[in-house]
*Asks:* 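Take this structure first; my questions come after.
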There are 2 protein chains.
Amino acid sequence: MQVEEQHESGTAPTAAPRRSDATRGAILAAARERFAADGYERATIRAIAREARIDPSMVMRYYGSKEGLFAAVLDVDLRLPDPAALDRDDVGRVLVGHFLDLWEESEVLTAMLRVGVTNPSGAERMQGIFRDQLTPVALLACPDPEQAPARAALCASQLLGLGLTRYVLRLPPAVTLHREEIVAWLGPTVQRYLTAPHP
Amino acid sequence: MQVEEQHESGTAPTAAPRRSDATRGAILAAARERFAADGYERATIRAIAREARIDPSMVMRYYGSKEGLFAAVLDVDLRLPDPAALDRDDVGRVLVGHFLDLWEESEVLTAMLRVGVTNPSGAERMQGIFRDQLTPVALLACPDPEQAPARAALCASQLLGLGLTRYVLRLPPAVTLHREEIVAWLGPTVQRYLTAPHP
DNA sequence: CTGGACCGTCAACACCTGTTGGCATACGGT
DNA sequence: ACCGTATGCCAACAGGTGTTGACGGTCCAG
């Protein structure tokens, strides 16, 4: 995979604007959509290219390989709220609401889950995302810092389980539940995983 | 897909023993393993046949198609304990322990999840399994029968989330947790989803 | 105006997929 | 002993996959 070279004289490490940025963006958007809908194997480069209205070979030129494209798609920022600014008695409800927003405002999480479940490097990627982004929150909220990773994993199990049943498997009762109900049910769970004393 | 015909004079609907039963079993076992390890698309019929030490065409003869083989593999019985015999104050812990057993004693649940996430008919199959097998437990444990499906779905979200993070994605902290810890953390959660008053 | 880098298309490659039909063999009831 | 049938293997098909290289057109710096 070739490294993208940038030939700028400026001091900022911002990439040089290229004439093909529109195409790159179209590819990325189409890839997100196809990966989310079909998972890694069934999301073919040809289908992605068709959706982006360009030639399949462009995908290869700009992203090196299917794996490279997938890596670009899965550059996920959970945008978790700053732990320091959080009300420690309300972290659970806030987190649940935030994840509901994430799942519904874009297909990135669906794509991440669909790919992470079947693709080994997708799973690694997910491990990294949750380790790097969710653990800090646990670190600030839980009593013993040493327990933070475990507590973050417990939260991940409930939050990912929610997305799995509601947005991927679409179990009808999980789809029917209203947002406030979910927050009311799952909020205290996450809250307990983060702040309750080790049982 | 041809229906298997059985020509027995007896009254019992038990299938006639066939000379090929050993082969059929080998195919099924290999399929479970490959589906669990690779998901639907990457588990090729050729790989399954190789593992079962037979010819790929045998798979077609005995199971009609890849989809048919997959349907045979995903005939999952969760073997949930009889709700009537359950201690209503301990359902949560019992369920969590039972699911941990299920995930660890065979690869069926892993296969089910891997396939259900990427394959539409796999998702349908999972919907049926949890609707038919988990809802009765909720029905007996929860206060209002009308809420049983929703409560069952909440339990499914936590129980499947556990399997997802621990056995499929293998998030390290989730793998490290000991059985008793998981039961102690998740048991009360499931208990609450089943028996607590609607928030 | 000109040369070179960029952008996009086309056709093709080598490989792998599910699936099919034909052929040999071994079994089991009569 | 015979014959229909179940069982298994082999070779092949048609279609789809990721990936590659060559070929024009377009833009911009010189």
Side-chain angles (χ1 to χ4, degrees), chain A residues 1-9 15-28 30-31 34-35 38-73 115 118-122, chain B residues 1-10 15-28 30-31 34-35 37-73 115 118-122:
Chain A
M1 193 190 323
Q2 289 192 356
V3 172
E4 205 59 43
E5 24 184 327
Q6 47 194 67
H7 31 75
E8 275 215 320
S9 58
R18 283 154 301 200
R19 199 157 27 111
S20 59
D21 279 351
T23 305
R24 297 176 120 94
I27 294 177
L28 219 59
R34 298 326 303 158
F35 278 141
D38 297 336
Y40 188 78
E41 336 286 337
R42 305 186 12 163
T44 69
I45 288 197
R46 283 174 166 86
I48 293 171
R50 201 177 316 129
E51 189 157 323
R53 300 173 165 280
I54 44 92
D55 192 87
S57 62
M58 304 301 294
V59 179
M60 305 301 299
R61 190 188 303 227
Y62 291 142
Y63 295 95
S65 67
K66 185 178 183 180
E67 193 86 13
L69 172 61
F70 148 74
V73 165
V115 173
T118 36
N119 190 278
S121 64
Chain B
M1 194 190 321
Q2 290 191 356
V3 172
E4 205 60 41
E5 26 185 322
Q6 47 194 65
H7 33 73
E8 276 216 318
S9 58
R18 283 155 303 199
R19 196 152 35 105
S20 59
D21 278 351
T23 304
R24 296 175 120 94
I27 294 177
L28 218 59
R34 296 329 302 160
F35 277 141
D38 297 336
Y40 187 78
E41 334 286 338
R42 305 188 9 164
T44 68
I45 288 197
R46 283 176 165 86
I48 293 171
R50 201 179 316 130
E51 188 156 321
R53 300 174 165 279
I54 45 93
D55 191 87
S57 62
M58 304 301 295
V59 178
M60 305 302 297
R61 196 197 297 254
Y62 291 140
Y63 294 95
S65 66
K66 185 177 183 179
E67 194 86 12
L69 172 62
F70 147 75
V73 164
V115 174
T118 36
N119 190 279
S121 65

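If you're wondering where the values come from, they're calculated on a predicted model, not measured in any experiment. The sequence lines fix the lettering, A, B, ..., with proteins before strands; numbering per chain opens at 1.
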*Asks:* Given D:dG8, is OP1 or OP2 found less than 4.0 Å from the side-chain N or O atoms of B:Tyr62?
*Replies:* yes
*Asks:* Between B:Arg24 (CZ) and D:dA6 (P), how many Å, whole number?
*Replies:* 11 Å
*Asks:* For the pair made of OH in B:Tyr63 and C1' in C:dT20, what is the distance, rounded to whole Å?
*Replies:* 20 Å
*Asks:* What is the separation between atom CG on B:Leu69 and atom P on C:dT19, rounded to the nearest whole Å?
*Replies:* 10 Å
*Asks:* Can you tell if the side chain of B:Asp21 reaches within under 4.5 Å of the side chain of B:Arg24, non-hydrogen atoms only?
*Replies:* yes
*Asks:* Side chains of A:Lys66 and A:Ile48, heavy atoms from C-beta outward: is any pair under 4.5 Å?
*Replies:* no
*Asks:* Protein-nucleotides 15-22 of chain D N/O pairs closer than 3.5 Å?
*Replies:*
residue: D:dG18; atom: OP1; partner: A:Ile45; partner atom: N; Å: 3.3
residue: D:dG18; atom: OP1; partner: A:Lys66; partner atom: NZ; Å: 3.1
residue: D:dG18; atom: OP2; partner: A:Ile45; partner atom: N; Å: 3.2
residue: D:dG18; atom: N7; partner: A:Arg46; partner atom: NH1; Å: 2.7
residue: D:dG18; atom: O6; partner: A:Arg46; partner atom: NH2; Å: 3.1
residue: D:dT19; atom: OP2; partner: A:Lys66; partner atom: N; Å: 2.9

*Asks:* For A:Tyr40, check ring-ring contact (aromatic ring centres under 6.0 Å, His included) against everything at least two apart and list the hits.
*Replies:* A:Phe35, A:Phe70
*Asks:* Tell me the ring pair (Phe, Tyr, Trp, His ring centres under 6.0 Å) pairs involving residues 42-61 of chain A, sequence neighbours left out?
*Replies:* none
*Asks:* Give a yes/no on whether any side-chain N or O of B:Thr23 is located under 4.0 angstrom from OP1 or OP2 of D:dT7.
*Replies:* no
*Asks:* Show me the protein contacts with nucleotides 26-28 of chain D, counting only N or O atoms at under 3.5 Å.
*Replies:*
none

*Asks:* Under the side chain to side chain donor-acceptor pair (under 3.5 Å) rule, collect the residues that match up with A:Ser57, sequence neighbours excluded.
*Replies:* A:Asp55
*Asks:* Would you kindly give the CE-to-P distance between A:Met58 and C:dC10, to the nearest whole Å?
*Replies:* 12 Å
*Asks:* Looking at CG of A:Leu69 and CD1 of A:Ile27, how far apart are the two atoms once the value is rounded to the nearest 0.5 Å?
*Replies:* 7.5 Å
*Asks:* By the salt bridge (charged side-chain N to carboxylate O under 4.0 Å, His left out) test, which pairs, at least two apart or in different chains, include something from residues 39-49 of chain B?
*Replies:* A:Glu41-B:Arg42, A:Arg42-B:Glu41
*Asks:* Hey, mind stepping through A:Glu67 and A:Asn119 against side-chain contact (heavy atoms from CB on, under 4.5 Å) and telling me if it holds?
*Replies:* CA-CA 10 Å; A:Glu67 193 86 13; A:Asn119 190 278; 4.0 Å; yes
